[in-house]
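Shown next, in structure tokens, is the structure this report addresses.
No hydrogens, no waters, no symmetry mates; every other heavy atom, side chains included, goes into these values.
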Amino acid sequence: MQTKNQEKVKTVFIISVFWALASALSFINQYYFIYDLIEFKKLSGSYEFWPDFIGSSLLGLIGGLVFGYILVFIVQHFQY
């Protein structure tokens, strides 16, 4: 049987995984938008996919951990 804190930590990890997934999907959408602008010659230069994708996903994971902690541990503390 899990304690309450173990369940809360599990919830934080689930929130952070979905937050990172949303961040990755958002990055892919933005990448294709910029790629289209480069192909249509409205922007010049190149745009590397993998370094920015990894950075965006890691920041999404860290942000998910922070906001998941806030939602689970701090906001639930204020419930009536």
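Taking the centre of each ring, Phe53 and Tyr31 stay at or above the 6.0 Å mark. For Tyr69 and Phe13, the ring centers sit 6.0 Å or farther from each other.
The main-chain N or O of Trp19 is never found under 3.5 Å from a side-chain atom of Ser23 such that the two would form a donor-acceptor pair.
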- List the steps and the verdict of side chain to side chain contact (heavy atoms under 4.5 Å, CB included) for Phe73 and Val9. CA-CA 9 Å; Phe73 286 99; Val9 169; 4.2 Å; yes
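Linking ILVMFWY side-chain heavy atoms closer than 4.5 Å, directly or via other members, places Trp50 and Ile34 in a single hydrophobic cluster. Side-chain heavy atoms closer than 4.5 Å link hydrophobic residues (I, L, V, M, F, W, Y) into clusters, and following such links, even through other members, never connects Phe40 to Leu37. Hydrophobic clustering (ILVMFWY, side-chain heavy atoms < 4.5 Å, transitive): Phe18 and Leu61 are in distinct clusters.
Using cut-offs of 30° and 60° for the angle between ring planes, the Phe27 and Phe49 rings count as tilted.
Atom OH of Tyr35 is surrounded by 12 or fewer heavy atoms from other residues, nucleotides or ligands within 6.0 Å.
Counting heavy atoms from C-beta outward, Asn29 and Leu25 have side chains that stay 4.5 Å or more apart. Ile38 places a side-chain heavy atom less than 4.5 Å from the side chain of Tyr47. With a 4.5 Å cut-off on side-chain heavy atoms, Thr3 and Gln6 count as touching.
Of all the heavy atoms in Gly68 and Ile15, the pair that sits closest is CA-CG2, 3.8 Å. Across all non-hydrogen atoms, the minimal contact from Ser57 to Ala24 is OG-CB, 3.8 Å. Here the closest heavy-atom approach between residue Leu65 and residue Ser16 is recorded as N-CB, 3.5 Å.
Rounding to the nearest 0.5 angstrom, the gap separating the OG1 atom in Thr11 from the CG atom in Asn5 is 11.0 Å. Note that the CG atom of Asp52 and the CD atom of Gln30 stand 10.5 Å from one another [nearest 0.5 Å]. One finds the OG atom of Ser56 at 9.0 Å from the CD1 atom of Ile28 (value rounded to the nearest 0.5 Å).
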